[in-house]
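These notes concern the structure reproduced below.
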Amino acid sequence: MNQRKVIGVVDFGGQYAHLIASRIRRLGAYSEILSNEEPTESYAKFSGLVLSGGPESVYETGSPSISEKIFDLGIPILGICYGHQLMMKLLGGEVRKAGTAEYGQASLDLFSGNGSELLQGYSGGEVVWMSHGDEVVRLPEGFRATASSTDCKYAVVENVSAHRFGIQFHPEVTHTQKGNELLRNFIRICGAENTWDLTQYLALKLQELKSAIPKDKKVFLLVSGGVDSTVSYLLLTKALGQDRVKGVLIDTGFMRKDEVLHLQENLTLQGIHLHVHDSSELFYSRLKGKKDPEEKRKIVGNLFLEAQEDCAKELGLNSEEWILGQGTIYPDTIESGGTKHSHTIKTHHNRVEAIQKLMEEGKVVEPIKDLYKDEVRELGTVLGLPKEWTLRHPFPGPGLVVRMISQKREIIREAETELDAILADFSGVAGSILPVASVGVKGDRRSYAYCAVLSGEKEWEDWNRISTAITNRSSHINRVTLFVGPENVSIKDASFLFQPLDLDRKDSDLLREADAVVESVLRSAGIYGEIWQMPVVLLPVGKTEEERSIVLRPVHSQEAMTASFFPLDRNVLRELESKLLGIEKIRYVFFDLTNKPPGTIEWE
């Protein structure tokens, strides 16, 4: 492969650095992830560079930077978000804290008469995805603005003669309209078209697995039944042979209703024969009384290792002969703070300290760790998985543990004041704050903040606009929900009291039942396949001690790094409300109106 036809992506720790590289590959150009601390001459071999986003501020002491000499290499350079701001600063422009932060959707306005190399194919009004709290306020010499948004004057800037381009939004995420066109334009400017495809990736990956795993080793693969672990199993067996791969399902007690039996029956049809190891009592005993989201995730990760060791002993497997296999995909790594400058959003169960140590010792194999969900699904199709399997809704490794919110959050007056002030701009909307918090991501950093609940008669487009306004303008709120029911209860009369919730069989059974009801309704309505994922969350909110509430969280997504809430048909929503409130001990039903960013798909 011609080295001059490779695009380098310089990683400044942004949530989407690897997604940029992934998108470029899928558009037909080979790409590599680079450190920002490479010798300048090592960047010269690339046909173009992309400077990624990042969680820092370019004007902060110690924030990651790069040698200004890269601008003398004569190759095209595209700065995205932090990368855009850094390029402007290094070339003599100015960056400050934004007057209004932008998280989520914004509309792009083109400057007439400013012919743009980067925005060929754009006509104005396209939706783009923002995630920033800083902005460029003065351009370096030679640059001109070619597009803006309502709250960002320099959304796109270009120095065409020098092949330097800066954009504040993220073209690599699926929620940016024509994002692929912009990246395709940059690939064309770099002269790097048609250097990569998935067939090449598969051939190289199989060869890599054969070389990386010693011939005297076998793989003990933890299979959850989702597309990630299933594709990992198929890749490993294709590379190593079935006799060197053992698929094991750990029953944590936090699976969905009848999930274990369902997986055993259906995975057998795919040629995957699972050994099921029941560790439910182990998980229930160790998680009892645990409330903090990060602690819960770390406990689950360590318990998986303990359960795996118990299972290996039960099967009489020699620990020196077997290594651990995981279906980790890239979002698990990046959200766990897996690159040099990235911040931990949430520690995934397959990235706890004990597993990191095993990885350092070469005792873990992760066949799809550099792929995103959409790529995994496409690869599954190439490997022969049927569509109904590749399009299954993702289910988190910790299972229902991260969908059972058990930590209380004392409501502070500042959060209520902020919400009231924002809602003053929207007629016919009432709002309140729930006594819980959830994990989110703002500007590539983890947030753990309040959840607002709203009521009123609005269209989904209006709720999206209101939700975005709240999370953009509030420093205390990162998630917004809609009060769905009971219909005859006013939000002002509802008793959103915190009720202690434990991670036990009783509460997990309650959530299991609610989750099964939701899936049944979606399948009956014929819309299960239209929704990318639909977490069903159990909240410790009710009027009496035994009561709980349910949050519906349907989302659109492709690669899990960004998402927007799925606007359910109102009749389907009413059916869900009716059936969920028919379950004993369920008091209220909410609908999550939050996009990602600023809210993660899962609540914890």
Could you check whether [X] pairs with [Y] (Lys NZ or Arg NE/NH1/NH2 to Asp/Glu carboxylate O, under 4.0 Å)?
X      : Y      : answer
Arg297 : Glu604 : no
Arg512 : Asp509 : yes
Lys298 : Glu295 : no
Glu259 : Arg392 : yes
Lys257 : Glu513 : yes
Lys288 : Asp504 : no
Arg23  : Glu172 : no
Glu309 : Lys313 : no
Glu281 : Arg286 : no

[atom1]-[atom2] distance between [X] and [Y], expressed to the nearest 0.5 angstrom:
X      : Y      : atom1 : atom2 : answer
Leu183 : Arg26  : CG    : CZ    : 12.5 Å
Glu375 : Ile368 : CD    : CD1   : 10.0 Å
Thr481 : Phe590 : OG1   : CZ    : 6.0 Å
Cys311 : Leu222 : SG    : CG    : 8.5 Å
Asp228 : Glu366 : CG    : CD    : 11.5 Å
Ile20  : Ser52  : CD1   : OG    : 5.5 Å

Would you indicate whether [X], at its atom [atom1], is surrounded by more than 12 heavy atoms from other residues, nucleotides or ligands within a distance under 6.0 Å?
X      : atom1 : value
Glu314 : CD    : yes
Lys238 : NZ    : no
Asn318 : CG    : yes

Would the distance check show the side chain of [X] and the main-chain N or O of [Y] forming a donor-acceptor pair, the cut-off being under 3.5 Å?
X      : Y      : value
Ser31  : Ile24  : no
Lys217 : Glu320 : yes
Ser229 : Gly327 : no
Ser406 : Lys290 : yes
Tyr450 : Arg409 : no
Arg377 : Thr390 : yes
Asp592 : Leu552 : no
Tyr82  : Pro64  : yes
Asp502 : Asp507 : no

Cation-pi check for Phe395 against Arg256: NZ or CZ below 6.0 Å from the six-membered ring centre and within 45 degrees of the axis, yes or no?
yes

Has Arg479 got its NZ or CZ under 6.0 Å from the middle of the six-membered ring of Trp603, at an angle within 45 degrees of the ring axis?
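Pair Arg479/Trp603 counts as cation-pi.
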
According to the interplanar angle, ranging from 0 to 90°, do the rings of Phe220 and Trp322 count as parallel (below 30°), tilted (30 to 60°) or perpendicular (above 60°)?
perpendicular

Close aromatic pair by centroid cut-off 6.0 Å: [X] and [Y]:
X      : Y      : value
Trp129 : His170 : no
Phe304 : Phe283 : yes
Phe565 : His556 : no

From the options Arg553, Arg403, Lys596, select the one residue that forms a side chain to side chain donor-acceptor pair (under 3.5 Å) with Glu602.
Arg403

Can you tell me if [X] and [Y] form a side-chain donor-acceptor pair at under 3.5 Å?
X      : Y      : value
Tyr284 : Ser508 : yes
Gln242 : Tyr233 : no
Ser63  : Glu56  : no
Ser564 : Asn595 : no
Ser232 : Gln326 : no

Do [X] and [Y] come within less than 4.5 Å of each other through their side chains, counting heavy atoms only?
X      : Y      : value
Leu221 : Val248 : no
Leu576 : Ile550 : no
Leu49  : Phe46  : yes
Ile66  : Val10  : yes
Gln308 : Leu324 : yes
Ile601 : Pro535 : yes
Lys296 : Leu503 : yes
Thr252 : Val300 : no

After noting the C-alpha distance and the side-chain angles of Asp11 and Asn36, does the key distance pass the side chain to side chain contact (heavy atoms under 4.5 Å, CB included) rule?
CA-CA 6 Å; Asp11 182 8; Asn36 63 309; over 6 Å; no

Considering the options Asp243, Val245, Leu383, which one meets the side-chain contact (heavy atoms from CB on, under 4.5 Å) requirement together with Thr237?
Val245

